[in-house]
Structures are given as structure tokens and as C-alpha cells.
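The structure under discussion appears below in the form of C-alpha cells.
All heavy atoms count here, side chains included; hydrogens, waters and symmetry mates do not.
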Amino acid sequence: MNIVLGKENIKSVGEKYIVLELDTLQYPKSDEPVTAYCIVDSVIDVAGAQGMAEWMNLHEKLISNYKKGNFEFCTTALEHLPGKFNGELDTFYSDLRTRLVALSDNAAPEDWTGVVEKV
């Protein structure tokens, strides 16, 4: 899996490859957050290709609900996504699950946006 920062950098790539949104990151000394995307570059077998649209849809809903603070949906989605996309996103899903456990213990702030602060 390759990571690309910024929506402007994935425009042409999305026509040839599977591109999935990951986190939106806020770096110190930067005025605007930047979104990270992954380019799934492994060959998906025929059986995997049949469920691809469904997996992509669930991944998109996972990211959307994370940004909304709907952690219950995210936890459920994370029960189904590991192993999909030839396992290329499994580390991301594991890290997100860890984040959700910490967030579930503490209610998300009212101004929650899902942006990850980088230090």
C-alpha cells in the first residue's frame, strides 16, 4: 500500500487504482489539515474482486462515521474490514480500533472533527 497526502495528488490515480481515504491530519505549523489516502496496489483475486464495491463502500462509511463521532458504527465496521483489500489496510484498521477504544472511554469532544493532531 502506498500513502498519498492531499486530494489534489490522487485525481489521476483514482482512475487506475483503488484509492481509499484514511485520516485527515493536522501538522504543527500548518494552517490547513491534509487528508491521507492509500493506494491499494496488490492484485485482488477473483473472489476478492466480487466483494470490492461492498468493501469500498463500508470503508467509506467507516471514515465518514469516524469523522461524525459515530464510534459504535465504526466498531461494527471494523469487525468486517480486516483481511479485505488483501490485508493492506489491516494495520490502519488495528490503529483505528485502538483509537476508538481510547475515545470510547472518554466521550468525544463536542467540536469533534476526526482530525488527527500530529506532533
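When side chains are defined from C-beta on, Leu96 counts as touching Leu62, because their heavy atoms get closer than 4.5 Å. Contact annotation: the side chain of Lys84 never approaches that of Leu89 to less than 4.5 Å [non-hydrogen atoms, C-beta and beyond]. A heavy-atom distance below 4.5 Å is not found between the side chains of His80 and Trp55.
Not counting sequence neighbours, the partners of Val13 by the side-chain contact (heavy atoms from CB on, under 4.5 Å) test are Tyr17, Val19, Ile39. Applying the side-chain contact (heavy atoms from CB on, under 4.5 Å) criterion to Asp90, with sequence neighbours excluded, gives Pro82, Tyr93. Ser30 is linked by a side-chain contact (heavy atoms from CB on, under 4.5 Å) to Gln26, Tyr27, counting only residues two or more places apart in sequence or in another chain. Qualifying salt bridge (charged side-chain N to carboxylate O under 4.0 Å, His left out) partners for Arg99, counting only residues two or more places apart in sequence or in other chains: Asp23.
Closest approach of Leu100 to Cys74, counting heavy atoms only: CD1-CB, 3.6 Å. When every heavy atom of Leu5 is checked against every heavy atom of Asn9, the shortest pair comes out as O-ND2, 2.6 Å.
Atom CE in Met56 sits 6.5 Å away from atom CZ in Phe85 (nearest 0.5 Å). Here CG of Asn2 is found 13.0 Å from CD1 of Ile10. Values are rounded to the nearest 0.5 Å.
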Run Asn86 and Val40 through side-chain contact (heavy atoms from CB on, under 4.5 Å) and show every step you take. CA-CA 9 Å; Asn86 285 340; Val40 179; over 6 Å; no
Criterion side-chain contact (heavy atoms from CB on, under 4.5 Å) on Thr24 and Thr113, from CA distance to verdict: CA-CA 9 Å; Thr24 299; Thr113 62; over 6 Å; no
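Ring geometry for Tyr66 against Phe71 counts as tilted: the plane angle lies between 30° and 60°, on a 0 to 90° scale.
The environment of CD in Glu79 is crowded: more than 12 heavy-atom neighbours from other residues, nucleotides or ligands sit within 6.0 Å.
The list of salt bridge (charged side-chain N to carboxylate O under 4.0 Å, His left out) pairs with a residue in residues 109-119, not counting sequence neighbours, is empty. Within the structure, salt bridge (charged side-chain N to carboxylate O under 4.0 Å, His left out) pairs that include any residue of residues 61-76 comprise Glu21-Lys67 (at least two apart or interchain).
In the hydrophobic clustering of ILVMFWY residues, with side-chain heavy atoms under 4.5 Å counting as a link, Met52 and Ile63 come out together. Hydrophobic clustering places Ile3 together with Phe92 (ILVMFWY residues linked when any side-chain heavy atoms are closer than 4.5 Å, directly or through intermediates).
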